[in-house]
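Beneath this line is the structure, given in structure tokens, with notes to follow.
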Amino acid sequence: MIRITYPLLALSLVLFFGSCGSDSTDQNTDLGQDTTEVVDDGQGQEQTYLLPSPLQIAYIFKKSGLKYVSGTTHDPKKEGNYNTTFSQSLNLGIYSSDLAYCVLNKQNNEARNFMNAVKSLSDKLGMSAVFDSESLLKRFDANLGNEDSIMFILSELQSRSDEFFADNNRQMTAAIVFSGAWVESMYIAAKVSGKGKASKLPQQLADQMGILENLLKELKNHESKDSGIAGLIGQLTEVRDIIAGIPGVKEMMESENPADVKIEATDSQLDALVKKLDEVRNSLIKG
Amino acid sequence: MFLLVVLSAGFVFAGFKVIQKAKDICNPIDLKKKCAPSLDPFTYDSAKLSRITWQKKPIKMETEVPLSLFGSYRFVFNTEGMPKKIGINVYNKDKDSKKRDLLFSNADSLETNTTLIFDPKKHTRKIFINYDVPADTLNLKIKGCVYFVLGYK
């Protein structure tokens with residue numbers, strides 16, 4: 001009898017100490033939920049799509065020569081006009097792009113206004129934690145004028161937002177926010193770059209096709225969850241089709257050396273694209 | 001008999017600990033901090049934590065990463081959360097393509113090397129990250145995670 005009791009006691013102790021550790025582990029795990037859980041789909045395969053930050057898009061446009069033109073951004077005072085989660089998410093993306101555009105072009109006063117709009121819409125979407133009780137906002141104010149510091153703060157804001165969306169299983173909101181950001185970036189590029197042979201707009205927009213493709217795939221994953229997403233997919237598909245119709249774009253998309261492919265758009269193609277971007281952006285900011 | 005049971009219990013305990021350890025270090029906030037030095041001098045763009053449970057058959061997870069022809073990029077992978085090594089392979093085309101080039105692989109990397117850095121030299125429009133998870137033939141129910149961060153400049 002004793003011979004059985006000792007092993008059982010040993011096993012009980014081992015299991016007891018093992019389980020003591022797991023409680024605290026589970027608490028920690030709750031802080032950081034995964035963004036991807038592999039589920040056996042019978043095929044043993046899973047496909048996911050990464051979306052970049054609005055800051056990167058603004059940075060790339062700036063790097064490729066996009067200048068600042070006053071009045072192209074959305075009005076930050078209109079942030080109060082959005083009353084649905086869908087319109088708030090879209091316009092959070094729009095204001096995030098405007099913020100990045102202003103910061104990269106040293107428009108500090110405007111940047112401050114857009115930061116307030118971003119904060120306000122984030123609060124409405126339940127994302128107050130991203131700003132860490134005003135501390136991020138204070139750091140932003142204190143560093144206005146110091147481009148490196150502001151860039152660091154904005155990338156931290158992006159990183160915290162990514163964590164928020166992942167922790168709270170709000171990938172759909174992330175995709176809608178990014179849709180607004182992407183449309184605003186393209187709208188600004190279209191307004192600022194202009195037409196003519198010297199225009200870099202065709203190259204800049206063709207360069208965005210990979211991102212647009214990923215965005216459309218990600219939105220389709222969430223299409224059944226919000227009635228507004230189908231309309232958004234339709235609008236973005238129209239934009240994609242116009243860009244894809246520009247000579248050189250399809251070749252670039254299939255080329256092993258995409259940087260070597262020349263993209264040449266006619267003025268009428270650019271007009272059609274600018275008109276479409278205008279139309280889509282206006283419908284998004286209307287709310 | 002006593003020794004056998006204690007040894008068995010020890011193995012069970014070790015198994016629990018491996019799983020617990022994987023859970024502990026799958027916190028994205030901690031993983032982000034750990035990856036930050038490796039990202040420098042690139043700016044954070046986006047990140048993805050993939051939590052992986054080994055299955056009876058091999059799994060292939062693919063993440064499609066769009067890149068700009070005007071940017072430079074760094075890919076940082078942290079595998080501290082994986083109790084056993086999985087394949088991390090980066091290609092220029094997706095898994096359904098008949099012909100694709102392998103741009104980066106951890107095949108020759110030691111299992112103890114938990115931070116992997118890849119700076120793509122050639123500009124491509126998209127890059128495809130594949131996590132190749134072997135089959136769990138011994139039914140060990142291994143769980144873990146891989147944290148990926150993209151930086152740009």
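Each chain gets a letter, A, B and so on, in the order its sequence line appears, and its residues count up from 1. Values in this document were obtained by computation on a predicted structure and should not be read as measured data.
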By residue number, those in residues 72-79 of chain B with heavy atoms under 4.5 Å from heavy atoms of chain A are B/S72, B/Y73

Under a 4.5 Å cut-off applied to non-hydrogen side-chain atoms, are A/Q47 and B/K95 in contact? yes

Heavy-atom nearest pair, A/L50 first then B/S46, reads CD2-OG, 3.5 Å

Q. Got more than 12 heavy atoms from elsewhere within 6.0 Å of CZ, A/F152?
A. no

The interface call for A/E163 against chain B, heavy-atom contacts under 4.5 Å, is side chain

Handout entry: A/Y49 side chain near B/V65 side chain, heavy-atom distance below 4.5 Å
Key = no

Minimal heavy-atom distance between B/T43 and A/S155, with the atoms involved, is CG2-CB, 3.8 Å

Bottom line for A/Y59: the part with an atom under 4.5 Å from chain B's heavy atoms is side chain

Among A/P258, A/S161, A/A206, the residue with the most heavy-atom pairs under 4.5 Å to chain B is A/P258

Exercise. Just wondering, are more than 12 heavy atoms of other shown residues or ligands nearer than 6.0 Å to NZ in B/K85?
Worked result: yes

- Query: Below 4.0 angstrom, N of the basic side chain to O of the carboxylate: do B/K99 and A/E256 qualify?
  - Reply: no

Determine whether a donor-acceptor pair (N or O, by modelled atom type, separation under 3.5 Å) exists between the side chain of A/N214 and the backbone of B/E64. yes

Task: A/E213 vs B/R125, side chain to side chain contact (heavy atoms under 4.5 Å, CB included): CA-CA, chis, key distance, verdict - done: CA-CA 11 Å; A/E213 284 170 349; B/R125 287 179 56 249; 3.3 Å; yes

If one checks every heavy atom of B/L150 against chain A at 4.5 Å, the contacting part turns out to be side chain

B/E62 side chain near A/E46 side chain, heavy-atom distance below 4.5 Å | no

Honestly, the part of B/N130 sitting under 4.5 Å from a heavy atom of chain A is neither

inquiry  = A side-chain contact here means heavy atoms from C-beta on lying under 4.5 Å apart; do B/L69 and A/M252 qualify?
reply    = yes

OG of A/S53 to OH of B/Y44, rounded to nearest 0.5 Å, is 8.0 Å

Bottom line for A/L51: the part with an atom under 4.5 Å from chain B's heavy atoms is backbone

*asked:* Would you say A/T48 and B/T63 are linked by a side-chain donor-acceptor pair, where the criterion is simply a distance under 3.5 Å?
replied: yes

Take atom NZ of B/K84 as the centre, draw a 6.0 Å sphere, and report whether it contains more than 12 heavy atoms from other residues, nucleotides or ligands. no

Exercise. Just by distance, do the side chain of A/D207 and the backbone of B/S68 share a donor-acceptor pair under 3.5 Å?
Worked result: no

Of A/S159, A/G210, A/A259, the largest count of non-hydrogen pairs under 4.5 angstrom with chain B goes to A/S159

Under 4.5 Å to a heavy atom of chain B? For A/Q208 that would be neither

Margin query: Under a 4.0 Å threshold between the charged nitrogen and the carboxylate oxygen, would A/E156 count as salt-bridged to B/K32?
Written below: no

So, the part of B/F148 with a heavy atom under 4.5 Å from chain A: the answer is side chain

Closest non-hydrogen atoms of B/F70 and A/Q204, given as atom of the first, atom of the second and distance, are CE1-CA, 4.5 Å

